[in-house]
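Some notes on the structure that comes next.
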Amino acid sequence: MGRYKPLSVLVVDDESFMLKILEHMLRQLGFSAVTTIDNGEDALRQLDGVDAPQLVLLDINMPRTDGVQLIRSLVTSGYAGSLILVSGEAERVLETVVKLAKTRGLNVLGHLQKPVSPQALDALLATWEPPALRETIRRPATVYAGDRLRSAIADGELINYYQPKVNVQSGDFIGVETLVRWRHPEDGLVYPDQFIPLAETYGLMHELTMAVLHETLCQVRAWADAGLRVKPAINVSMENLNRLTFPDDLARMAEKEGVLTRDILLEVTESQLIPNLATVLDTLSRLRLKRVHLGIDDFGTGHSSLAQLSDLPFDQLKIDKRFVHGAHSNPTARMIFIASRDLGNQLDMEVVAEGVEDRADWDWLRQVGCDVAQGYFIARPMPAEALPGWISRWAERIVEERLLTPNGGHADESGD
Ligand code: C2E
Ligand code: CA
Ligand code: CA
């Protein structure tokens with residue numbers, strides 16, 4: 001069970017038998033405030049008030065108002081609670097509905113296939129968090145002007161958050177990924193999706209990356225001075241690699257801060273077209289000669305292609321979160337994950353899984369095997385000051401939550 005628990009749960013399903021089973025499971029898991037409703041119309045009325053339940057288990061196939069229509073109404077009424085979608089439909093249908101609900105801004109914990117297993121239900125419930133804690137609540141997109149972003153970079157309004165990575169087998173802390181945020185004086189913490197594309201459009205990626213890199217290296221130095229060796233991973237865009245002086249700029253900065261280039265990893269995503277292949281190859285080769293590690297990011301999404309693996313000197317492959325989170329119960333994701341991991345292994349690359357969001361993801365990953373894990377289950381991205389505290393807490397969690405204990409010893413990769 002997670003650290004938090006929803007106070008009230010509503011189960012909506014047209015089959016009374018199913019309602020009984022789910023209610024029973026919830027009570028077994030320690031939930032006392034469980035309500036059941038057998039149709040969409042009544043459910044909507046229940047969900048449209050201030051005392052709406054904090055979590056809804058919703059069957060998407062119902063005779064009159066079906067789950068998809070209900071989702072639409074929940075969006076309109078501004079429902080702020082969490083949803084778990086339940087269905088006997090094929091996995092892909094469920095996933096499409098989950099995606100739809102998420103795209104419309106609802107907080108979906110995940111989906112359950114009928115017959116629902118208590119373990120799967122428990123695993124999803126463990127991911128529930130009070131609305132106030134959800135990092136995923138992002139304010140409506142504001143479009144910032146290029147000049148505003150330029151001054152933000154120059155004035156030091158960008159700050160780095162760091163997300164830890166751990167060894168899947170030993171649990172050891174092995175480094176962090178730097179994720180930039182914009183501490184906007186009026187708008188609060190602004191996430192990279194809202195300004196990285198803009199920086200690309202306005203040709204500000206060099207300034208942005210150098211600012212992120214500089215702050216990271218200073219921080220790594222400060223951690224080292226405090227006795228903590230941290231290997232940082234920094235995201236770079238094609239625009240950075242399209243600049244022949246980038247390897248020298250980076251090496252100079254690292255030397256100035258006393259950070260070894262072989263401790264640094266650059267994560268590359270192929271965002272648009274490779275601007276100039278010859279320049280990018282030149283830059284990447286020279287970075288490798290300087291012992292900087294190169295990782296291919298978001299593998300499997302189509303932004304990163306197989307062709308890159310053979311052409312470019314990458315030594316880390318990061319499998320995108322869509323093939324990690326929930327892969328244990330999603331055959332397509334699972335196959336893509338396994339194929340990517342095998343490819344990485346065969347090419348002698350370190351394989352990292354991002355998007356390890358819950359205990360089920362973690363256990364599954366340990367079972368199928370992969371080098372490194374990163375994700376909300378391990379830690380959310382955090383300000384630099386929080387890292388030492390997280391390291392000690394993680395060591396405690398390994399013991400308390402028995403994170404390194406095999407879960408039943410099922411060695412079967414297919415997970416079936
Ligand atoms: P990314 O490189 O794929 O980074 C991982 C993103 O997934 C981060 O989002 C991180 O907060 C989020 N994440 C981590 N663990 C989990 C998890 O368990 N579940 C889920 N659903 N998400 C998780 P964030 O920080 O919003 O960054 C978004 C993207 O912005 C990054 O994706 C990266 O492409 C880009 N970005 C961030 N910082 C920089 C930067 O300094 N330079 C460049 N060029 N791009 C950056
Ligand atoms: Ca990345
Ligand atoms: Ca990614």
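When a ligand or atom number is given, it counts from 1 through the structure's own listing order.
Contacts between Val180 and ligand 1, counted as non-hydrogen atom pairs separated by less than 4.0 Å, involve both the backbone and the side chain. Here Glu177 has side-chain heavy atoms under 4.0 Å from ligand 1, and that is the only part of it that gets that close. Contacts between Asn240 and ligand 1, counted as non-hydrogen atom pairs separated by less than 4.0 Å, are absent for every part of the residue. Here Ile196 has side-chain heavy atoms under 4.0 Å from ligand 1, and that is the only part of it that gets that close. With a 4.0 Å heavy-atom cut-off, ligand 1 is reached by the side chain of Asp298 but not by its N, CA, C or O. Of the heavy atoms in Asp193, only side-chain atoms (C-beta onward) come closer than 4.0 Å to ligand 1.
Under the salt bridge (Lys or Arg N to Asp or Glu O under 4.0 Å) criterion, the residue pairs touching residues 166-177 are Glu177-Lys318, with sequence neighbours excluded.
For Arg148, the side-chain hydrogen bond (donor to acceptor under 3.5 Å, both in side chains) criterion is met by Ser151, Glu157, not counting sequence neighbours.
Closest heavy-atom approach to atom 5 (C) of ligand 1 within the set Arg322, Lys318, Glu239, Lys321: this belongs to Lys321. For atom 44 (N) of ligand 1, the nearest non-hydrogen atom from the set His325, Met205, Gln163 comes from Met205.
Looking at Arg359 and Asp363, a side-chain N of the basic residue comes within less than 4.0 Å of a carboxylate O on the acidic one, giving a salt bridge.
Residue-to-ligand polar distances keep Thr269 apart from ligand 1: every N/O pair is separated by 3.5 Å or more. Here's the thing with Gln374: none of its N/O atoms is less than 3.5 angstrom from an N/O atom of ligand 1. Remark: ligand 1 and Thr178 share no N or O pair separated by less than 3.5 Å (distance only, no angle test). For the pair Arg181 and ligand 1, the shortest N or O to N or O distance falls below 3.5 Å.
Among the atoms of Glu177, an N, O or S atom falls under 3.0 Å from the Ca ion (ligand 2). The nearest N, O or S atom of Asn235 is closer to the Ca ion (ligand 2) than 3.0 Å. Contact annotation: Asp298 places no N, O or S atom under 3.0 Å from the Ca ion (ligand 2).
Taking the ring axis of Phe31 as reference, the NZ or CZ atom of Lys5 stays within 45° of it and closer than 6.0 Å to the ring centre.
Ring planes of Trp362 and Phe377: tilted class, angle from 30 to 60°. The aromatic rings of Trp390 and Phe173 stand perpendicular to each other, their planes meeting at an angle above 60°, with 30° marking the opposite boundary.
Here the closest non-hydrogen pair linking Lys165 and Ala233 is NZ-CB, 3.9 Å.
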